[in-house]
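Just so it is clear, the model here is predicted, and its values are computed rather than measured.
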Amino acid sequence: MASWCYWVAGVLCLLVSCSNGEDPYRFYNWNVTYGDIYPLGVKQQGILINGQFPGPPLEAVTNDNLIISVFNSLDEPFLLSWNGVQQKRNSWQDGVYGTNCPISPGTNFTYVLQVKDQIGSYFYFPSLAMHKAAGGYGGIKIASRSVIPVPFDPPAGDFTFLAGDWYKMNHTDLKATLDGGSGLPFPDGILINGRGSNGYTFTVDQVYILTSSPNDPTGKTYRFRISNVGLTTALNFRIQGHKMLLVEVEGTHTLQNTYDSLDIHLGQSYSVLVTADQPPQDYYIVVSSRFTSQVLSSTAILHYSNSAASVSGAPPGGPTIQIDWSLEQARSLRRNLTASGPRPNPQGSYHYGMINTTRTVRLQNSAVMINGKQRYAVNSVSFVPADTPLKLADHFNIGGVFSLGSIPDNPTGSGGYLQTSVMAADFRGFAEFVFENTEDSVQSWHIDGHNFFVVGMDGGQWSAASRLNYNLRDTISRCTVQVYPQSWTAIYMPLDNVGMWNVRSQNWARQYLGQQFYLRVYSPANSWRDEYPIPGNALRCGRAVGM
């Protein structure tokens with residue numbers, strides 16, 4: 001116990017010194033258990049946090065330090081990861097198997113992380129096996145500091161909206177299906193905040209103002225933070241009779257365009273403002289699947305507190321398989337160049353289009369059969385986890401766990417093979433990554449530890465000439481991006497965060513079966529200015545036991 005207290009004191013001193021004593025701490029104690037849930041009317045074994053599904057929200061302000069003690073009351077190892085939290089200089093806290101040993105049953109681990117220079121909407125989720133299919137996820141809100149102006153008036157309310165496809169099968173059965181060499185079946189439904197259709201209600205208010213008309217309503221405005229926390233399916237979000245004003249995407253303030261509906265791909269998060277300016281009744285909030293032959297749909301209720309009637313009519317329909325429509329909407333996302341980000345300077349002051357790239361990497365996904373089983377690959381490499389977390393092996397110089405350069409920078413055109421794939425990258429480089437999708441399904445990619453600029457996307461084959469049509473001025477900066485069927489998406493990414501970072505498909509079946517790798521961003525300085533030292537409570541496993 002004494003050593004634990006000394007370690008906590010040391011970490012707190014380190015974080016306080018790094019933040020000049022100005023950044024507060026928020027403490028969370030979470031107990032992870034199994035519990036019976038019935039989201040689609042069928043009893044399932046869910047993963048609960050403090051008895052809740054979804055789990056409790058994480059709320060912070062820019063630069064806050066979060067101390068999250070997680071006790072694993074499951075009968076199997078467990079990890080939580082923080083989708084979109086960049087873990088500046090601190091991949092030790094990323095919570096994926098490439099960086100952390102799992103929390104053993106009956107034990108706890110305390111994450112010590114800082115939301116350094118971030119704002120926006122994100123979510124956390126369980127990263128091992130198929131735990132994500134059992135719950136264990138929740139929303140993350142990072143508010144701006146009070147001294148930083150926000151480019152819209154404070155909303156009357158702030159709602160977290162966690163939507164995702166769902167299976168009636170337990171997560172252990174889904175894992176067994178994948179382990180047996182098959183793909184997952186089609187999902188059984190869509191959940192909204194852990195519930196099926198019409199199982200969740202968001203209540204809004206109207207106010208009345210004095211005008212020539214004595215009962216002239218003007219609605220209050222509310223913020224919806226929408227995340228796709230599902231396993232396999234892109235979604236479309238819309239609200240009956242209401243427009244949506246887009247204001248933020250994964251920590252970036254956007255140009256405030258108005259939309260009737262929004263496509264939200266796997267792992268993505270959006271913030272919209274919705275004004276309660278319609279006749280006082282209840283309205284459908286609809287989420288439906290995109291690019292699927294069978295359309296899944298689920299609804300929640302937007303309830304006016306002075307409602308005179310319940311929902312009526314059919315839920316509004318949305319797009320289904322129209323790729324061009326979705327592509328044009330994605331291109332319409334633009335960065336608000338006059339708004340401040342987490343720091344008191346315009347977001348547009350980062351002139352990413354004027355920086356020469358130091359490297360181009362082309363990444364092509366593929367579905368391959370290896371040893372008679374379904375696998376998924378990146379540049380022909382299907383990732384297999386090592387017996388030791390890669391970050392620990394790198395830190396302790398443990399040979400034989402992984403090799404740098406074990407994934408090529410370009411597609412090979414050959415079949416797939418198994419490898420613990422790690423790509424080397426130099427700290428302070430500025431890389432161009434091109435995701436190439438030659439398959440007929442939409443892909444969604446996430447990079448831990450970084451935000452990147454989505455400079456281009458289009459159908460067909462990418463070539464050097466494609467750069468002529470890049471947006472080099474005001475594209476969105478985010479951490480998760482889609483790649484449409486038979487298409488490509490290009491990003492520019494500053495390699496500004498030393499560590500071992502997961503690059504993965506957000507389609508969890510594809511991730512589990514190999515569509516991922518690790519990016520080792522390396523600085524030879526070996527300085528705390530570049531990367532924090534290994535935490536005193538870091539778990540050891542595999543070949544790192546005893547080190």
Side-chain angles (χ1 to χ4, degrees), residues 7 10-11 14-15 66 68 70 72 77-104 107 109-114 116 124-129 378 381 383-407 419-427 429 446-450 479 493 495-504 511-512 514 516-547:
W7 175 80
V11 168
L14 169 64
L15 290 174
L66 307 181
I68 308 167
V70 178
N72 179 13
F78 183 80
L79 274 177
L80 283 173
S81 190
W82 323 92
N83 200 78
V85 177
Q86 292 178 20
Q87 311 286 3
K88 292 290 190 180
R89 299 184 286 173
N90 200 18
S91 66
W92 302 106
Q93 308 294 335
D94 203 30
V96 291
Y97 182 67
T99 57
N100 294 91
C101 295
I103 308 168
S104 298
T107 67
F109 176 76
T110 298
Y111 292 89
V112 180
L113 55 96
Q114 186 181 28
K116 181 69 173 173
Y124 62 86
F125 69 97
S127 63
L128 295 183
V378 189
V381 187
F383 182 86
V384 288
D387 60 6
T388 305
L390 308 179
K391 184 63 183 169
L392 288 180
D394 197 28
H395 177 77
F396 290 119
N397 272 326
I398 304 172
V401 176
F402 70 90
S403 298
L404 292 175
S406 44
I407 178 172
Q419 181 75 47
T420 303
S421 39
V422 179
M423 181 178 290
D426 294 328
F427 182 44
H446 176 86
I447 301 179
D448 279 352
H450 296 79
C479 59
M493 189 173 82
L495 299 167
D496 58 0
N497 202 6
V498 172
M500 186 76 70
W501 303 108
N502 191 218
V503 182
R504 63 175 177 265
Q511 178 273 154
Y512 180 75
Q516 60 171 310
F517 65 95
Y518 281 81
L519 185 71
R520 178 186 183 253
V521 180
Y522 176 71
S523 168
N526 193 25
S527 167
W528 286 18
R529 291 174 299 178
D530 295 342
E531 184 178 28
Y532 291 151
I534 184 171
N537 73 331
L539 302 175
R540 271 70 161 175
C541 55
R543 303 186 211 182
V545 170
M547 290 189 170

**Student:** When you measure from the side chain of Tyr111 to the backbone N and O of Leu80, does any donor-acceptor pair fall under 3.5 Å?
**Tutor:**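 Flag set: sc Tyr111 to bb Leu80 pair under 3.5 Å.
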
**Student:** With sequence neighbours excluded, tell me which residues meet ring pair (Phe, Tyr, Trp, His ring centres under 6.0 Å) with Phe383.
**Tutor:**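 Checked Phe383 against ring pair (Phe, Tyr, Trp, His ring centres under 6.0 Å); matches are Tyr518.
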
**Student:** Supply the atom-to-atom distance Leu519 CG to Asn502 CG, rounded to the nearest 0.5 angstrom.
**Tutor:**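 Leu519 CG to Asn502 CG: 10.0 Å, rounded to 0.5 Å.
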
**Student:** Taking salt bridge (Lys or Arg N to Asp or Glu O under 4.0 Å) as the test, write out the residues that go with Asp448, two or more places apart.
**Tutor:**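 Asp448: salt bridge (Lys or Arg N to Asp or Glu O under 4.0 Å) contacts with Arg504.
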
**Student:** Please report the shortest heavy-atom distance between Cys541 and Pro102, naming the atom on each side.
**Tutor:**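 Scanning both residues, the minimum pair turns out to be SG-CD, 4.4 Å.
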
**Student:** Mind listing the closest non-hydrogen atom pair of Thr99 and Ser91 along with its distance?
**Tutor:**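 Thr99 and Ser91 have their closest heavy atoms at CB-O, 3.4 Å.
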
**Student:** Could I get the full list of ring pair (Phe, Tyr, Trp, His ring centres under 6.0 Å) partners for Tyr512, not counting sequence neighbours?
**Tutor:**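 If we apply the ring pair (Phe, Tyr, Trp, His ring centres under 6.0 Å) test to Tyr512, skipping adjacent residues, there are no hits.
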
**Student:** Report the residues that fulfil side chain to side chain contact (heavy atoms under 4.5 Å, CB included) with Ala525, sequence neighbours left out, ordered by chain and then residue number.
**Tutor:**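 Ala525 satisfies side chain to side chain contact (heavy atoms under 4.5 Å, CB included) with Ser523, Ser527, Asp530 once adjacent residues are dropped.
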
**Student:** Report the C-alpha separation of Phe109 and Gln93 in whole Å, then their side-chain angles, then the decisive distance to 0.1 Å, and conclude whether the side-chain contact (heavy atoms from CB on, under 4.5 Å) test is met.
**Tutor:** CA-CA 10 Å; Phe109 176 76; Gln93 308 294 335; 4.1 Å; yes

**Student:** Is there side-chain contact between Leu392 and Ile534, with heavy atoms separated by less than 4.5 Å?
**Tutor:**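 Side chain of Leu392 against side chain of Ile534, heavy atoms only: contact under 4.5 Å found.
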
**Student:** Do any N or O atoms from the side chain of Arg543 and from the backbone of Gly399 form a donor-acceptor pair under 3.5 angstrom?
**Tutor:**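 Pair found, side chain donor or acceptor close to backbone of Gly399.
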
**Student:** Backbone N or O of Phe427 within a donor-acceptor pair of the Asp496 side chain at under 3.5 Å?
**Tutor:**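 Here the side-chain-to-backbone pair does not exist.
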
**Student:** Would you please classify the geometry between the Trp82 ring and the Tyr124 ring as parallel, tilted or perpendicular, with 30° and 60° separating the classes?
**Tutor:**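 Taking Trp82 first and then Tyr124, their aromatic rings sit tilted (interplane angle of 30° to 60°).
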
**Student:** For a 4.5 angstrom cut-off between non-hydrogen side-chain atoms, does His450 reach Val521?
**Tutor:**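 Yes, their side chains come closer than 4.5 Å.
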
**Student:** Check whether Gln87 reaches the backbone of Gly449 with its side chain - one donor and one acceptor, N or O, closer than 3.5 Å.
**Tutor:**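 The answer is no, because no donor-acceptor pair under 3.5 Å joins these two groups.
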
**Student:** Suppose we screen for ring pair (Phe, Tyr, Trp, His ring centres under 6.0 Å). Which residues come up paired with His446, at least two apart in sequence or across chains?
**Tutor:**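 Here no residue qualifies.
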
**Student:** What are the two closest non-hydrogen atoms of Arg540 and Phe396, and how far apart are they?
**Tutor:**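 Here Arg540 and Phe396 meet closest at NH2-CZ, 3.8 Å.
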
**Student:** Just grab all the salt bridge (Lys or Arg N to Asp or Glu O under 4.0 Å) pairs involving residues 93-103, residues at least two apart or on different chains.
**Tutor:**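 As it turns out, there is no salt bridge (Lys or Arg N to Asp or Glu O under 4.0 Å) pair with a partner in residues 93-103 once direct neighbours are skipped.
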
**Student:** Counting only N and O atoms by type, is there a donor-acceptor contact under 3.5 Å from the side chain of Trp92 to the main-chain atoms of Tyr532?
**Tutor:**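 Indeed, once roles are kept as given, a pair shorter than 3.5 Å links the two residues.
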
**Student:** Using side chain to side chain contact (heavy atoms under 4.5 Å, CB included) as the criterion, list what pairs up with Asn72, not counting sequence neighbours.
**Tutor:**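 Asn72: side chain to side chain contact (heavy atoms under 4.5 Å, CB included) contacts with Leu74, Phe78, Ile103, Pro105.
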
**Student:** Do Met547 and Ile398 make a side-chain contact, defined as non-hydrogen atoms from C-beta onward lying under 4.5 Å apart?
**Tutor:**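 Heavy-atom side-chain distance check passes, below 4.5 Å.
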
**Student:** Could you pull out the closest heavy-atom pair between Ser421 and Ser406, with the gap in Å?
**Tutor:**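 Scanning both residues, the minimum pair turns out to be CA-OG, 3.4 Å.
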
**Student:** Would a 4.5 Å heavy-atom cut-off, applied to side chains only, mark Lys116 and Asn497 as touching?
**Tutor:**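 They are not in side-chain contact.
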
**Student:** With sequence neighbours left out, write down each residue that passes side chain to side chain contact (heavy atoms under 4.5 Å, CB included) with Phe402, or none if nothing qualifies.
**Tutor:**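 Once residues adjacent in sequence are excluded, the partners of Phe402 under the side chain to side chain contact (heavy atoms under 4.5 Å, CB included) criterion are Leu390, Ala393, Asp394, Leu404, Thr420, Val422, Met500.
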
**Student:** Provide the full list of salt bridge (Lys or Arg N to Asp or Glu O under 4.0 Å) pairs with a residue in residues 77-86, sequence neighbours left out, each pair given once.
**Tutor:**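 Residue pairs passing salt bridge (Lys or Arg N to Asp or Glu O under 4.0 Å), neighbours aside: none found.
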
**Student:** For Gln511, enumerate each residue passing the side-chain hydrogen bond (donor to acceptor under 3.5 Å, both in side chains) test, keeping only those at least two apart in sequence or located in another chain.
**Tutor:**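 Result, side-chain hydrogen bond (donor to acceptor under 3.5 Å, both in side chains) vs Gln511: Gln516.
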
**Student:** With Asp426, which residues qualify under salt bridge (Lys or Arg N to Asp or Glu O under 4.0 Å), at least two apart?
**Tutor:**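 With sequence neighbours excluded, Asp426 shows a salt bridge (Lys or Arg N to Asp or Glu O under 4.0 Å) to no residue whatsoever.
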
